[in-house]
Amino acid sequence: MSQTLVNKSINYVNKKQSFVQHIKASNFRNYKNLELNLSSDNVVLFGLNGVGKTNILEAVSFLSSGRGIRKARSKDLILKTFDNNPYEDFSWGVHANVFVKNKKFKIGTGINKKNNSRLVKINDEYMKQSDLSKIIKISWITPQMLLIFHNGMQEKRRFIDRLINIANPTHVGLLYRYEFLIKERVKIINNYHDNKMWIDTIESEIVDLSIKIIENRKKFVFDMQNICFKSDLNKNFFLDIYLKINGKAEELLDSVGEEKYHCEILGILRKNRGYGISSFIGPHKSEVFIFKRESKQEIRYCSTGEQKIMLISLIFKHCHLMETLYEQAPILLLDDIIEHLDNIHKRALFEKTSQYNSQCWFTCTNSNAFNSYPVSFKSIDVNKLQKDFSKKSELKYA
Ligand SMILES: Nc1ncnc2c1ncn2[C@@H]1O[C@H](COP(=O)(O)OP(=O)(O)OP(=O)(O)O)[C@@H](O)[C@H]1O
Ligand SMILES: [Mg+2]
């Protein structure tokens with residue numbers, strides 16, 4: 001590990017709002033034990049393909065709620081040997097000291113062996129995942145995120161909902177409950193169709209949740225549209241992004257208001273308890289569109305490089321919104337970000353991240369790519385970190 005120092009001519013942020021100062025991961029992906037001591041400086045993880053760079057970002061991403069940068073299942077995170085002699089440990093853990101607005105938080109998270117669920121400890125006390133998101137905001141850009149723009153609407157909705165959840169950590173919980181109740185309603189109608197009161201209660205909660213979800217999304221789109229006027233993204237070669245979330249439910253709610261919307265959707269749900277049980281309008285059918293504001297070109301029609309620039313612009317705009325609303329720029333995890341970027345955009349990204357108010361993490365295969373980075377950063381050679389644990393080699397040295 002070495003500290004690289006380059007030109008300090010630009011406005012470097014000395015007091016970062018959020019940063020990871022120390023992180024340990026155990027039995028996590030290809031790491032038996034990983035330990036990094038850091039400062040508030042940005043971090044560059046470099047190393048060969050498959051050496052474990054993204055795995056480190058993934059460990060950091062578990063310092064917030066959800067399933068991390070890869071949307072992984074908890075059991076896939078546990079260190080494996082991929083041979084006939086599996087390493088039989090059934091847990092993983094990540095521990096970190098994180099500074100947020102000058103306050104230190106001790107975070108511990110990992111898998112609960114009994115029911116596979118995730119445990120969270122903040123300053124040695126068990127807490128909920130959503131409490132974690134209230135304290136620490138983390139956002140990321142990964143190459144897989146670009147696929148979202150070519151996949152179905154569900155993926156796009158999930159992407160936007162995750163961004164909303166960074167601002168409003170109860171949002172994803174509402175969605176889980178909404179999706180759960182939709183399935184539950186079908187089950188109950190099929191098995192207990194005589195219990196009208198039970199079905200009525202579930203349907204009423206479905207409609208209440210749908211209003212809350214639509215309102216959260218609407219507020220988010222509104223905030224994002226407004227923040228762009230104050231942002232400096234255009235000047236730095238990033239694009240101004242325009243978001244749209246459309247749907248029949250949104251249109252109805254807009255035109256008739258909450259009370260009538262409630263009655264109408266309840267009416268639809270009651271009617272289709274028999275035939276067409278799952279066909280009703282709601283936030284599970286909304287359509288998400290991402291455009292360049294100026295040309296109105298939709299992201300899926302842009303080149304790979306342009307899509308990356310749009311994605312970076314969108315995430316920075318969102319971070320700018322978080323900073324404006326909560327005085328807390330999210331910690332940013334930027335996986336393989338400089339791939340596909342031309343020199344102009346690379347320089348713009350370097351300037352943007354060196355002036356950014358919280359810690360940024362980069363991964364790349366070649367540390368020379370950061371020779372022109374304008375400020376000091378922590379450079380970590382991932383090739384040299386302790387890697388996977390092989391039972392065979394343990395036995396050999398026993
Ligand atoms: N549960 C696991 N147990 C052990 N090893 C794992 C586990 N999950 C993934 N790996 C291994 O971790 C290695 C590193 O993955 P990672 O994605 O972090 O690489 P990377 O350095 O980001 O590579 P690239 O430059 O190609 O993006 C891979 O070889 C993968 O097989
Ligand atoms: Mg990687």
Side-chain angles (χ1 to χ4, degrees), residues 1-2 20 23-36 38 42-63 66-96 109-113 116-118 138-148 304 307-308 311-312 315 331-341 346 349 353 360-370 377-395:
M1 282 181 229
S2 67
V20 179
I23 184 162
K24 280 206 282 195
S26 45
N27 289 336
F28 187 90
R29 295 284 191 190
N30 63 332
Y31 294 96
K32 169 76 178 137
N33 285 305
L34 168 78
E35 183 165 8
L36 302 176
L38 306 161
N42 291 345
V43 182
V44 178
L45 303 166
F46 71 92
L48 301 173
N49 292 132
V51 83
K53 305 178 293 295
T54 306
N55 291 347
I56 297 178
L57 295 193
E58 192 176 26
V60 177
S61 71
F62 278 101
L63 300 175
R67 288 163 60 190
I69 56 170
R70 284 193 173 107
K71 296 202 200 87
R73 291 175 306 173
S74 206
K75 63 178 182 150
D76 293 338
L77 301 171
I78 303 167
L79 175 75
K80 291 177 186 53
T81 53
F82 302 115
D83 60 19
N84 296 331
N85 253 337
Y87 171 59
E88 294 288 343
D89 201 319
F90 299 105
S91 61
W92 59 267
V94 176
H95 301 265
T109 186
I111 192 174
N112 177 349
K113 289 179 198 177
N116 249 359
S117 68
R118 209 175 130 200
I138 302 183
S139 193
W140 51 80
I141 301 175
T142 68
Q144 289 74 24
M145 279 160 76
L146 290 170
L147 300 175
I148 293 165
T304 317
Q307 287 183 346
K308 194 153 199 176
L311 182 63
I312 296 170
I315 297 297
I331 291 172
L332 258 178
L333 311 178
L334 305 168
D335 194 19
D336 279 337
I337 191 114
I338 52 179
E339 282 288 309
H340 290 296
L341 287 188
K346 189 176 136 185
L349 177 76
T353 50
C360 297
W361 292 62
F362 296 88
T363 64
C364 79
T365 46
N366 180 359
S367 67
N368 289 337
F370 280 76
F377 60 91
K378 179 87 172 175
S379 173
I380 297 173
D381 182 351
V382 181
N383 302 305
K384 292 186 182 152
L385 295 178
Q386 188 203 339
K387 286 293 141 34
D388 52 345
F389 169 74
S390 148
K391 225 179 180 181
K392 281 180 201 151
S393 60
E394 280 277 301
L395 289 172

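Read the numbers this way: they start at 1 and go in the same order the structure lists the ligands and their atoms.
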Numbered atoms and elements of ligand 1 in range of Leu79, under 4.0 angstrom, heavy atoms |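 Once the distances to Leu79 are compared, the set is 3 (N).
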Proximal atoms of ligand 1 relative to Asn55 (non-hydrogen, under 4.0 Å) |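 The list of qualifying atoms is 12 (O), 13 (C), 14 (C), 15 (O), 16 (P), 17 (O), 18 (O).
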Strictly under 4.0 Å, does any heavy atom of [X] approach an atom of ligand 1?
{"X": "Arg70", "answer": "yes"}
{"X": "Gly47", "answer": "no"}
{"X": "Leu48", "answer": "yes"}

Test side chain to side chain contact (heavy atoms under 4.5 Å, CB included) applied to Asn27 and Lys32, step by step = CA-CA 5 Å; Asn27 289 336; Lys32 169 76 178 137; 3.5 Å; yes
Is it the side chain, the backbone, both or neither of Val382 that has a heavy atom closer than 4.0 Å to ligand 1?
->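 Val382 to ligand 1: no contact under 4.0 Å from either part.
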Quick one: look at Lys32 and ligand 1, take heavy-atom pairs under 4.0 Å, and tell me if it's side chain, backbone, both or neither.
->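 Neither part.
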Listing by chain and number, what protein N/O/S atoms are under 2.8 Å from the Mg ion (ligand 2)?
->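 Protein N/O/S atoms under 2.8 Å of the Mg ion (ligand 2): Thr54 OG1.
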Between atom CZ of Phe377 and atom OG of Ser367, what is the distance when rounded to the nearest 0.5 Å?
->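 Spacing of CZ (Phe377) from OG (Ser367) equals 7.5 Å.
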Leu341 vs Ile312 side-chain heavy atoms within contact, under 4.5 Å |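 Leu341 vs Ile312: side chains touch.
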State whether the side chain of [X] and the backbone N or O of [Y] hold a donor-acceptor pair below 3.5 Å, judged by distance alone.
{"X": "Asn49", "Y": "Thr365", "value": "no"}
{"X": "Arg118", "Y": "Gly66", "value": "yes"}
{"X": "Tyr31", "Y": "Gly52", "value": "yes"}

Asp335, Asp336, Leu311 screened by side-chain contact (heavy atoms from CB on, under 4.5 Å) with Ile141, the one that passes |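 Exactly one pass, corresponding to Leu311.
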Of all residues at least two apart in sequence or in a different chain, which pass the side-chain hydrogen bond (donor to acceptor under 3.5 Å, both in side chains) check with Thr353?
->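 By the side-chain hydrogen bond (donor to acceptor under 3.5 Å, both in side chains) rule, Thr353 matches Tyr373.
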Quick one: list whatever passes side-chain hydrogen bond (donor to acceptor under 3.5 Å, both in side chains) with Ser74, sequence neighbours left out.
->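 Residues passing side-chain hydrogen bond (donor to acceptor under 3.5 Å, both in side chains) with Ser74: Trp92.
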Under 3.5 Å between some N or O of ligand 1 and some N or O of Ile78?
->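 There is such a contact, yes.
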Tell me, please, which residues at least two apart from Gln144 pass side-chain contact (heavy atoms from CB on, under 4.5 Å).
->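 For Gln144, the residues satisfying side-chain contact (heavy atoms from CB on, under 4.5 Å) (neighbours in sequence not counted) are Thr142.
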